[in-house]
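Have a look at the structure below, then the notes.
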Amino acid sequence: MSEQLYKEIFEEAMNLLHEEYKSAGNENEFILNFNLSYIEDTISEIKVGVASKFLWDRMVRKGNVSKIQSTITELSGQSINLSPVFNFKPQVSVQQNQVSQTSQTISETPKIDESPSQENIESTPKSHPKKFFDTDSPDFSSPKAKSQPQIEPHPQLIEDFTFENFIPGDNSDYAYKACLAAAENPGSKNYNPILLYGPSGVGKTHLMVAIGNSIYYRNPKLKIAYITTESMMNEFTASIRERTTDKFTKKYRKLDVLLLDDIQFLEKSEKLQDELFYTFDEIYNRKGQIVFTSDRPLKDINGIVERLKTRFGRGQNIDLKVPDYETRLAIIDKKLEFQGKSIPKDVKELIAQTFQSSVRELEGALSRMIGYAELMNKDLTIEIAKEQLSDSINPAGSGIISVETIQKAVSEFYNVSVDDLKSSSRKKTVAVPRHIAIYLCRELTEYSLDEIGAEFGGRDHSTVISSINNIEDRLKTGDLAISDIIKVLTKQIGKGN
């Protein structure tokens with residue numbers, strides 16, 4: 001439970017920053033880029049509600065999160081970290097040039113690591129889980145289906161992440177159909193477990209949660225849990241510290257549906273792997289449905305014990321790739337239809353051309369521009385769109401330089417495949433092009449080092465830095481061959497966009 005130790009300090013920090021930006025004539029920038037809400041805190045952390053991961057990453061890149069944390073430190077004398085909880089939509093309004101406090105408390109916030117409550121577990125019918133998957137129940141693949149009875153959304157599942165709201169393309173059609181099959185027949189040996197893997201922002205979490213929503217709306221009495229691996233790890237560590245591992249074990253082994261995000265982080269905890277091994281067997285043997293996501297294929301995740309990898313490898317392991325241009329346009333149209341909005345065709349095309357590698361960023365940019373136009377009471381024109389996307393568009397104005405674009409250019413130049421660049425191969429014929437590609441990503445894009453690493457087979461922060469340092473050292477020592485290659489590729493990449 002939060003004791004709200006820092007609620008007033010957080011609010012005061014936000015007010016001070018608001019006044020600072022207002023005095024400098026940048027109030028609109030504050031409204032758009034400091035859109036956070038206080039949720040709760042601990043002795044060393046404040047949880048804040050954020051509308052999306054895209055907006056949080058943007059605030060981190062711009063240094064806004066650091067500004068808030070520094071201001072809080074100045075006021076409290078304590079070093080406090082901000083921890084985001086995504087998919088909250090703080091109410092921000094402007095009246096007579098005054099911004100309502102963005103630090104408004106969001107009450108009854110469901111915590112992602114409290115799934116499901118012990119009370120719900122005990123009150124659930126104890127009949128065999130297979131009976132819960134009732135084929136006579138109505139088929140509600142979408143929480144918004146017109147024939148659906150009034151059922152409260154699951155506290156851990158994002159309500160909008162449904163099959164109805166997912167636009168499958170060549171990059172994701174098989175994953176979409178497999179997940180739909182798992183939702184219609186949970187526990188089926190052919191689709192259990194499902195492991196969805198691919199780069200950030202391509203729809204892995206959306207499809208996984210869509211399975212949960214579909215099953216939940218067929219039978220709300222089922223015990224369904226969605227949790228990230230890092231949250232589960234924190235919860236497991238706390239249970240060891242507080243000597244409540246029995247409660248942790250009972251909570252997860254009694255689930256009917258387990259949705260576990262980002263299993264690549266399991267390599268950090270052998271003890272959690274042991275617990276998850278037995279949890280997997282318990283759920284699987286009771287015909288419960290299990291779904292995982294990862295940023296890379298199983299073979300490229302180091303540090304996971306073989307017996308657990310064997311279980312993860314059952315069922316379906318499905319690769320989600322980045323969507324093509326036509327699919328990105330379709331996603332924009334679907335998002336607009338869902339919101340009841342419309343924007344000019346040239347603006348839609350600009351967004352689809354700009355955000356090539358992440359659906360999450362594409363949707364975030366769309367929401368940001370619509371929100372800006374409505375807040376400022378302006379029509380959304382191509383000029384406004386370009387201004388709002390100025391930090392994402394190539395300075396020449398001809399489009400985004402994405403990691404995918406750089407990987408393709410480097411792979412063609414060196415006559416290696418993009419898969420080679422993402423692989424674990426240390427051959428010089430692959431390692432040098434990989435180092436150059438990573439270096440160019442740092443120089444030509446606004447991706448963080450962690451995001452770049454994720455696009456190169458899930459490499460960690462230190463490995464990315466090592467690649468960049470390798471090229472920088474060669475440039476400093478006068479390696480003309482590398483210098484010329486960097487110049488040629490930079491020019492080629494710029495023209496290609």
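What you are looking at is a predicted structure, and each value in this text was computed from that prediction instead of being measured. Nothing fancy with the numbering, it's 1 onward along the sequence.
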Does the side chain of [Y] come within less than 4.5 Å of [X]'s, by heavy atoms?
X: Leu260; Y: Val291; answer: no
X: Ile436; Y: Tyr414; answer: yes
X: Lys335; Y: Leu362; answer: no
X: Pro344; Y: Asp379; answer: no

Can we say [X] and [Y] salt-bridge, meaning some charged N sits less than 4.0 Å from an Asp/Glu carboxylate O?
X: Lys7; Y: Glu11; result: yes
X: Arg328; Y: Asp324; result: no
X: Asp333; Y: Lys348; result: yes
X: Lys321; Y: Asp319; result: yes

Does [atom1] belonging to [X] count more than 12 external heavy atoms closer than 6.0 Å?
X: Asn415; atom1: CG; value: no
X: Lys67; atom1: NZ; value: yes
X: Asn81; atom1: CG; value: yes

Next on the checklist: Does the plane of the ring in Phe166 sit parallel, tilted or perpendicular to the ring in Tyr176? Use 30° and 60° as the thresholds.
Outcome noted: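 Phe166 and Tyr176: parallel rings.
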
Next on the checklist: So does Ile382 get a backbone contact from the side chain of Asp346, meaning a donor-acceptor N/O pair under 3.5 Å?
Outcome noted: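 No; zero donor-acceptor contacts below 3.5 Å.
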
Checklist entry - If we ignore angles and hydrogens, is there a donor and acceptor under 3.5 Å between the side chains of Tyr197 and Asn317? => result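 Distance-only check fails for Tyr197 and Asn317.
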
Item to check | Full working for salt bridge (Lys or Arg N to Asp or Glu O under 4.0 Å) between Glu374 and Lys341 | outcome: CA-CA 11 Å; Glu374 292 179 348; Lys341 310 284 186 182; 2.5 Å; yes

